Amino acid sequence: MYAIVRAGGRQEKVSVGDVLIIDKVSVEAGQSIDLKPLLLVDGETVTSDAAKLAKVTVKAEVVKAAKGPKITIIKYKNKTGYRKRQGHRQPLTQVKVTEINS
């Protein structure tokens, strides 16, 4: 059994026990969150009806806070001496899917 869930602006394919990285969630490590299912596949049965998916719950436990890779932004203008360097690391959250109830 697996589900396609909306997690932080993206869609992720998850099953029980999967660990995934999503956009930052303001929840402490060890607490659980609910992910919104968009599609549920249970063997040969595929559920995509919104009324049936309203009854489906996908629970995930927050493992830890994480950061994305370092991105370097460089701006440069020729012959003027203008140089600007900036960095960014996106805050993320690592979660582990604990259960999918249909």
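These numbers come from a predicted model, not from an experiment.
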Do Leu53 and Leu40 have side chains that get closer than 4.5 Å, going by heavy atoms? yes
Do Val16 and Asp18 make a side-chain contact, defined as non-hydrogen atoms from C-beta onward lying under 4.5 Å apart? no
How long is the straight-line distance from NZ of Lys96 back to OG of Ser32, given to the nearest 0.5 Å? 14.0 Å
So do the side chains of Gln94 and Val19 get within less than 4.5 Å of each other, counting heavy atoms only? yes
Decide whether Thr45 and Asp42 meet the rule of one side-chain donor and one side-chain acceptor closer than 3.5 Å. no
Determine the minimum heavy-atom distance between Val63 and Ala29, stating which atoms define it. O-CB, 3.5 Å
Kindly determine whether His88 and Gln86 satisfy side-chain hydrogen bond (donor to acceptor under 3.5 Å, both in side chains), including the steps that lead there. CA-CA 7 Å; His88 175 75; Gln86 183 180 3; over 6 Å; no
In Å, rounded to the nearest 0.5 Å, how long is the span from CE of Met1 to CD of Glu99? 11.0 Å
Side chain proximity check, Val97 to Leu20, heavy atoms < 4.5 angstrom: yes
From the list Leu92, Ile33, Val5, side-chain contact (heavy atoms from CB on, under 4.5 Å) partner of Ile22 resolves to Ile33
Return yes if some donor-acceptor pair links the side-chain N/O of Arg83 with the main-chain N/O of Tyr76 below 3.5 Å, else return no. no
Considering only heavy atoms from C-beta outward, does the side chain of Glu61 approach that of Val95 to under 4.5 Å? no
Counting heavy atoms not belonging to Arg6, are there more than 12 under 6.0 Å from its CZ? no
Salt bridge check: are Asp23 and Arg10 linked by an N-O gap of less than 4.0 Å? yes
Atom pair CD1 (Ile73) and CZ (Arg85), whose distance is rounded to the nearest 0.5 Å: 10.5 Å
Value for CD (Glu12) from CD1 (Ile21), rounded to nearest 0.5 Å, stands at 9.5 Å
Walk me through it: do Lys59 and Asp34 pass the test salt bridge (charged side-chain N to carboxylate O under 4.0 Å, His left out)? CA-CA 5 Å; Lys59 292 195 182 282; Asp34 291 333; 3.2 Å; yes
Separation of Leu35 CG from Ile4 CD1 (nearest 0.5 Å): 12.0 Å
Do Thr93 and Val62 come within less than 4.5 Å of each other through their side chains, counting heavy atoms only? yes
Distance in Å, Lys77 NZ paired with Lys84 NZ, rounded so as to fall on 0.5 Å steps: 11.0 Å
